[in-house]
There are 2 protein chains.
Amino acid sequence: MIDHESSTPVYRQLADILAARIKSGALANGRPIPSEVQLQQEFGVARGTARKAVAALRDAGLVHTVMGKGTYVGPAPKRPG
Amino acid sequence: MIDHESSTPVYRQLADILAARIKSGALANGRPIPSEVQLQQEFGVARGTARKAVAALRDAGLVHTVMGKGTYVGPAPKRPG
DNA sequence: TACCATTTGTCCGTATGTATG
DNA sequence: CCATACATACGGACAAATGGT
């Protein structure tokens with residue numbers, strides 16, 4: 001899980017965990033990843049840290065975010081389908 | 001259209017679009033503007049967002065609303081008839 | 001009278017975006 | 001990095017008002 005004593009930032013640890021779940025297929029393409037609130041509960045981090053982890057995944061092109069709905073595995077589709 | 005990536009809120013973008021249509025005369029005085037359902041279909045926003053845009057126009061004095069009927073360009077007449 | 005479709009009004013829950021300390 | 005607060009947005013459900021059948 002998360003090691004708060006590690007020199008690796010917590011948000012980076014969480015981003016790596018989620019990236020691994022995506023690569024393994026545990027989080028399938030097109031499916032939503034856990035919400036920020038769920039992440040903060042599951043991993044015991046603040047919401048701001050969960051957001052930063054998700055932002056890292058987004059910058060890496062692994063997920064896309066829709067405000068008011070959630071964050072989904074894969075790139076954003078042009079057509080809402 | 002609506003830019004969900006913009007820093008300007010969606011409801012504000014929609015309000016500006018409708019205000020421009022009013023100023024240009026595309027939506028003439030006394031005529032109804034599109035219903036909330038039509039707005040959410042045409043612009044791909046939630047009804048709550050469409051409502052907030054219309055409320056902004058109402059606060060600006062550009063339109064007036066009649067429950068059960070619709071929202072019309074211009075101020076509310078004191079006595080309809 | 002009773003429906004029925006349309007439209008606005010309200011409330012709820014959930015999720016992301018931003019800002020401050 | 002945590003905690004809090006508020007803004008913005010989506011989605012659903014139901015109530016109230018209007019006008020027509």
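Per chain, numbering begins at 1; letters A, B, ... match sequence-line order. What you see is a predicted model, and the numbers here were worked out from it, not measured in a lab.
Taking only side-chain nitrogens and oxygens, B/Y11 comes nearer than 4.0 Å to OP1 or OP2 of D/dT8. For B/K52 and D/dA9, the shortest distance from a side-chain N or O to OP1 or OP2 is not below 4.0 Å. For D/dA3, the OP1/OP2 oxygens have no side-chain nitrogen or oxygen of A/R47 closer than 4.0 Å. Of the side-chain N and O atoms in A/T71, none sit less than 4.0 angstrom from OP1 or OP2 of C/dA15.
Which of D/dC1, D/dC10, C/dG9 sits closest to the side chain of B/T65 comes down to C/dG9. The A/E36 side chain lies nearest to C/dT16 when the options are C/dG9, C/dT16, D/dC10. Distances from the side chain of B/P9 to the nucleotides C/dG17, D/dC1, D/dA9 place D/dA9 closest. Listed candidates were D/dC2, D/dG19, C/dG17. Nearest to the side chain of B/K69 is D/dG19.
The interatomic distance linking B/Y72 (OH) with D/dT18 (C1') rounds to 9 Å, in whole Å. Look at CZ on A/R12: it is 11 Å from P on D/dC1, rounded to the nearest Å. Taking atom NE2 of B/H64 as the reference point, atom P of D/dA17 lies 18 Å away to the nearest angstrom. Atom CG in B/D3 sits roughly 15 Å away from atom C1' in D/dA9 (whole-Å rounding). The nearest whole Å value for the distance from the CE atom in B/M67 to the C1' atom in C/dT7 is 8 Å. What separates CD of A/Q41 from C1' of D/dA3 is a distance of 15 Å, to the nearest Å. Atom CD in A/Q40 sits about 11 Å away from atom P in C/dT16, given to the nearest Å. Between the CZ atom of A/R51 and the C1' atom of C/dT18 there is a distance of 8 Å, rounded to whole Å.
Among the protein residues, B/V54 comes within range of no part of the nucleic acid, since none of its heavy atoms lies under 4.0 Å from any strand. Counting non-hydrogen atoms under 4.0 angstrom, B/G48 reaches nothing in the nucleic acid.
Put simply, the side chain of A/T49 never gets that close to the backbone of A/V45: no donor and acceptor are under 3.5 Å apart. In this structure, B/S24 contributes its side chain and B/R21 its backbone to a donor-acceptor pair below 3.5 Å.
Two residues are said to be in side-chain contact when any heavy atoms from C-beta on lie closer than 4.5 Å; A/Q41 and A/L39 fail this criterion.
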Carefully, step by step, assess A/R58 and A/T71 under the rule side-chain hydrogen bond (donor to acceptor under 3.5 Å, both in side chains).
CA-CA 9 Å; A/R58 196 162 47 241; A/T71 297; 4.6 Å; no
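C/dT20: Watson-Crick or G-U partner is D/dA3, with both key distances under 3.5 Å.
Minimum heavy-atom separation, B/Q38 to B/P34: OE1-CA, 3.4 Å.
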